[in-house]
Amino acid sequence: MGFIAFLVLGLIAGAIAKLILPGEQGGGWIATLILGVIGALVGGWLGSLLFNAPLENFFSIQTWLVAIGGSIVVLLIYGLIVGRKER
């Protein structure tokens, strides 16, 4: 999968993760989309490492699930870090 396709995947995965997670996460939509790209990278790395999941196909359900899962994890960690600073 090319770099542009991976960026698009991360942006969409970040938006889906934002819709799945309830509550307020700081940073707004732009930060969420950037964290979605980071989450897609983390999810892809962990998915290939732990589950030997092939992530070459953009339209594969495995690729999307791993990217969305990684985005959710990164958003949760970001919410914990930012939530502590604001209190």
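For the pair I72/I20, a side-chain contact is recorded, criterion being any heavy-atom separation below 4.5 Å from C-beta on.
We find the CG-OG distance between L11 and S71 to be 9.5 Å, quoted to the nearest 0.5 Å. Interatomic distance, W64 CH2 to I16 CD1, rounded to the nearest 0.5 Å: 6.0 Å. Distance OH/Y78 to CG/L21: 13.5 Å, rounded to 0.5 Å. To the nearest 0.5 angstrom, I68 atom CD1 is 10.0 Å from L19 atom CG. The distance from atom CG of L41 to atom CG of L46, rounded to the nearest 0.5 Å, is 11.0 Å.
Following chains of ILVMFWY side-chain contacts shorter than 4.5 Å, one cannot reach I61 starting from L9, and the two form parts of different hydrophobic clusters. Residues V74 and L65 do not share a hydrophobic cluster, defined by chaining ILVMFWY side chains whose heavy atoms lie under 4.5 Å apart. Note on V37: it clusters hydrophobically with I4, by side-chain heavy-atom contacts below 4.5 Å among ILVMFWY residues.
Paired with L35 under the rule side chain to side chain contact (heavy atoms under 4.5 Å, CB included), one option of I77, L75, I30 passes, and it is L75.
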